[in-house]
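Take a look at the structure set out below.
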Amino acid sequence: QKIIDGWRYGPKTDKKNKLHECLLPWRKGDLVQYTGFAEHLGIEELPEEEKEKDRAAVREIPTILKHAGYTIVGARSRGGRPQTSAPK
């Protein structure tokens, strides 16, 4: 979202100039998955503490969904039985 809003990587976050120190790839040098906006990212790897913030947010998704009234259920195959492995 930041890139869409005109932000780009900078060694220090500078709101006035739309620079952010965390606009980095998850893995150093792994820019292929960022096609179309890789030029806005730095080349170093996102620090582990920033990665952990992302992981913690993902771990909270079930709680957020529960509070919103949703229930998480297992995926079902076409026959209605739970799938035990990914389709081949």
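All values reported here derive from a predicted model rather than from experimental measurement.
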dist F37:CZ -> L31:CG (nearest 0.5 Å) comes out at 9.5 Å
Give the intermediate values and the outcome of side-chain contact (heavy atoms from CB on, under 4.5 Å) for residues R8 and L19.
CA-CA 5 Å; R8 63 190 190 284; L19 301 174; 3.5 Å; yes
Among residues at least two apart in sequence or on other chains, which ones pass side chain to side chain donor-acceptor pair (under 3.5 Å) with D54?
none
Smallest heavy-atom separation, W26 atom then Y34 atom, equals N-OH, 3.2 Å
Can you give the donor-acceptor pairs under 3.5 Å from side chains of residues 39-50 to other protein atoms, not counting sequence neighbours?
from: E45; atom 1: OE1; to: K28; atom 2: N; distance (Å): 3.1
from: E45; atom 1: OE2; to: K51; atom 2: NZ; distance (Å): 2.9
from: E48; atom 1: OE2; to: R55; atom 2: NH1; distance (Å): 2.6
from: E48; atom 1: OE2; to: R55; atom 2: NH2; distance (Å): 3.3
from: E50; atom 1: OE2; to: K53; atom 2: NZ; distance (Å): 3.2

Could you pull out all residues at least two apart from E60 that satisfy side chain to side chain donor-acceptor pair (under 3.5 Å)?
none
Taking transitive links into account, so neighbours of neighbours count too, which hydrophobic residues share a cluster with V32 at under 4.5 Å side-chain distance?
none
Report, one line per pair, each donor and acceptor closer than 3.5 Å where one atom sits in a side chain of residues 63-72; sequence neighbours left out.
none

H20 meets the side chain to side chain contact (heavy atoms under 4.5 Å, CB included) criterion, sequence neighbours left out, with K2, W7, T13, C22, L23
Under the salt bridge (charged side-chain N to carboxylate O under 4.0 Å, His left out) rule, what pairs show up with a residue in residues 10-26, not counting sequence neighbours?
none
